[in-house]
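Protein chains get the first letters and strands the later ones, always in sequence-line order, with residue 1 at the start of each. Because the structure is a prediction, the values reported are computed rather than measured.
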Amino acid sequence: MMNEAQLAAELAFQEGWKDGGHEGELVPRGPFRFSAALAYMGRSENECLFYVDQDQDRVCKWIEAGGERVLVEIFGGPEDRTVRLRFLDEAAHGNPQARLAAARYVWEWFDLGTDLDAFYRLAESDLLLGPLTQRFYGLRCIGIPDLFEALCWAILGQQINLAFAYTLKRRFVESYGASMARDGRTYWTFPTPETIAGLSVADLTPLQLTSKKAEYVLETAARMADGRLTKEHLLSLANAQAVERELTAIRGIGPWTAHYVMMRCLRLPSAFPAGDVGLQNAVKHLFGMDSKPTPVELQRLAAGWSGFEAYATFYLWRVLY
DNA sequence: TACCAGGGTTGAA
DNA sequence: TTCAACCATGGT
């Protein structure tokens, strides 16, 4: 069952998606620049779940969605303001279902259903955010639509630098994900909860996960594999507090991880990883402070961002990463 | 070589 | 309820 917000989101997608057979176009709501998305996506050379082409004008991904796997090339439309998809599998050309699933995935991934104007209006009078919305105009909060992938990525990235987090993800994906070779490239999909749930700590520690992280990932996989934890259930909860409670009840998922996933997967606008080191460093940098702001100081700043904390966080991160 | 990194759990006070 | 100790390992 969809709630009201989910229904509105679905209608916006259907309005925005123009299926043209072997190609298609997504028309976002409100301000958007494809190049801003791509600049963010190309930040790590070590990304293993999609390719950003060297001339930086397109991204290719083997998308797994709605029971379909589709190889898609994603590039900018007229004036950088829409997203165009090219389906590289001939099978997809005769399969509207697969094209729809892939388009829906990209719509969510790029957060094309959010009207940024509301965020920009709020940022106008904000000392910190105002300049950022001009600098990164049209940037969407690039997400992680798959819940298991989002949770694993957040857990893997706990308390380590981003470069090493990417290395861990690559090892994890290349050890237990599915792959397909095409045009000299290997495309990977993220491991399924079912696959990971069948492993033990000893299978994961050789990848350089700490044994704690291995336990956390296995526990998360087990819960998703047997249906105790689903994205649909989390989305059906009444409010962000309830989602946070549900997530932090899982060993290895604290407030930071919960809010990170609420922000990048569940798309809750008020998600806010207040203890995040990157967030603290961004504020320190922008204000020219001698030391990082405390979580309390950060919360005070964020009081003016009510309802847009997630976007504020993403724009602040963009300053450093 | 220290110190830090897009944290979390545990157990004592 | 709060807080320090501990976890462990690559990057700089």
Side-chain angles (χ1 to χ4, degrees), chain A residues 39-49 128 132 136 139-144 149-175 201-221 223 229 243-268 270-286 289-299 301-302 305 309-321:
Chain A
Y40 168 79
M41 298 171 90
R43 70 191 178 139
S44 173
E45 299 280 320
N46 213 2
E47 174 61 59
C48 59
L49 293 173
L128 206 55
L132 295 185
F136 301 120
L139 173 69
R140 301 294 171 128
C141 176
I142 304 301
I144 306 173
E149 181 187 335
L151 284 164
C152 287
W153 171 239
I155 291 169
L156 291 180
Q158 288 169 1
Q159 188 57 22
I160 59 174
N161 59 62
L162 215 49
F164 184 44
Y166 274 107
T167 300
L168 287 182
K169 181 170 87 162
R170 175 179 288 281
R171 290 179 185 153
F172 188 69
V173 168
E174 293 184 352
S175 297
V201 169
D203 294 315
L204 295 177
T205 47
L207 310 182
Q208 304 301 106
L209 274 75
T210 64
S211 53
K212 289 294 179 194
K213 281 187 185 177
E215 287 173 17
Y216 302 160
V217 166
L218 291 174
E219 170 66 18
T220 301
R223 284 174 182 254
L229 177 64
V243 178
E244 182 177 358
R245 257 201 310 277
E246 188 98 359
L247 283 173
T248 53
I250 302 168
R251 230 173 76 86
I253 299 181
W256 179 86
T257 306
H259 279 265
Y260 184 92
V261 169
M262 287 157 65
M263 173 181 160
R264 298 207 56 202
C265 180
L266 304 174
R267 298 296 193 182
L268 302 184
S270 59
F272 186 57
D276 181 77
V277 174
L279 202 51
Q280 295 167 9
N281 284 331
V283 172
K284 176 189 167 194
H285 172 77
L286 288 170
M289 301 160 76
D290 293 327
S291 58
K292 290 181 288 193
T294 65
V296 175
E297 289 175 316
L298 216 47
Q299 287 284 11
L301 264 178
W305 306 338
E309 290 92 336
Y311 255 94
T313 300
F314 197 75
Y315 271 60
L316 284 166
W317 275 345
R318 198 69 193 88
V319 173
L320 299 181
Y321 311 117

*Hey, are A:R43 and A:Y166 close enough side-chain-wise for a donor-acceptor pair under 3.5 Å?*
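Yes - a donor-acceptor pair under 3.5 Å links their side chains.
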*State, without any angle test, whether A:N46 and A:T167 hold a side-chain donor-acceptor pair at a distance under 3.5 Å.*
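Looking only at side-chain atoms, A:T167 and A:N46 do form a donor-acceptor pair, the distance falling under 3.5 Å.
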_Whole angstrom value for the distance that separates P of B:dG7 from CH2 of A:W153_ =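 Distance check: A:W153 CH2 to B:dG7 P gives 11 Å.
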*Which whole-number value in Å describes the distance from A:Y166 OH to B:dA5 C1'?*
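Value for this atom pair: 15 Å.
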*Under a 4.5 Å cut-off applied to non-hydrogen side-chain atoms, are A:L207 and A:K213 in contact?*
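Counting from C-beta outward, A:L207 and A:K213 never come under 4.5 Å.
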*asked:* Exactly one of A:L156, A:L229, A:V217, A:I144 should register a side-chain contact (heavy atoms from CB on, under 4.5 Å) with A:L151. Which one does?
replied: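 Option passing the side-chain contact (heavy atoms from CB on, under 4.5 Å) with A:L151: A:L229.
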_Return whichever of A:R43 or A:Y216 has its heavy-atom-nearest nucleotide of DNA chain B closer to the 5' end._
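Per heavy-atom nearest nucleotide, the more 5' residue is A:R43.
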*Looking only at heavy atoms, what is the nearest atom pair of A:R223 and A:A249, with distance?*
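Heavy-atom minimum between the residues: NH2-O, 4.2 Å.
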*If a protein heavy atom is under 4.0 Å from the base, mark B; if only from the sugar-phosphate, S; if neither, -; do that for nucleotides 4-12 of chain C going 5' to 3'.*
----S-BS-
*Parallel, tilted or perpendicular: which describes the rings of A:Y315 and A:Y311, with under 30° parallel and over 60° perpendicular?*
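Ring orientation, 0 to 90° scale: tilted.
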*Plane angle bin for A:F272 and A:W305 - parallel if under 30°, tilted between 30 and 60°, otherwise perpendicular*: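 The arrangement is perpendicular - the two ring planes meet at more than 60°.
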_Check: A:Y40 ring centre within less than 6.0 Å of A:F136 ring centre_ =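 That pair fails the under 6.0 Å test.
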*For C:dA5, give its Watson-Crick or G-U wobble partner with both distances under 3.5 Å, or none.*
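Because both required distances fall under 3.5 Å, C:dA5 counts as paired with B:dT9.
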_Just N and O in the side chain of A:K292: are any of them under 4.0 Å from OP1 or OP2 of B:dA5?_
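Checking B:dA5 against A:K292, a side-chain N or O does come within under 4.0 Å of OP1 or OP2.
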*asked:* OP1 or OP2 of B:dA5 versus the side-chain N and O atoms of A:N281: is any pair under 4.0 Å?
replied: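 So the side-chain polar atoms of A:N281 do come within 4.0 Å of the phosphate oxygens OP1 or OP2 of B:dA5, strictly under.
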[X] near the nucleic acid: base, sugar-phosphate alone, or nothing, with a heavy-atom cut-off under 4.0 Å?
X	value
A:L320	nothing
A:Y321	base
A:P273	nothing

_Exam field: side chain A:Q280 to backbone A:G275, donor-acceptor pair closer than 3.5 Å_ =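 Judged by distance alone, yes, a pair lies under 3.5 Å.
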*Taking DNA chain B as the partner, which of residues 244-251 of chain A come within under 4.0 angstrom of it by heavy atom?*
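Heavy-atom cutoff 4.0 Å gives A:I250, A:R251.
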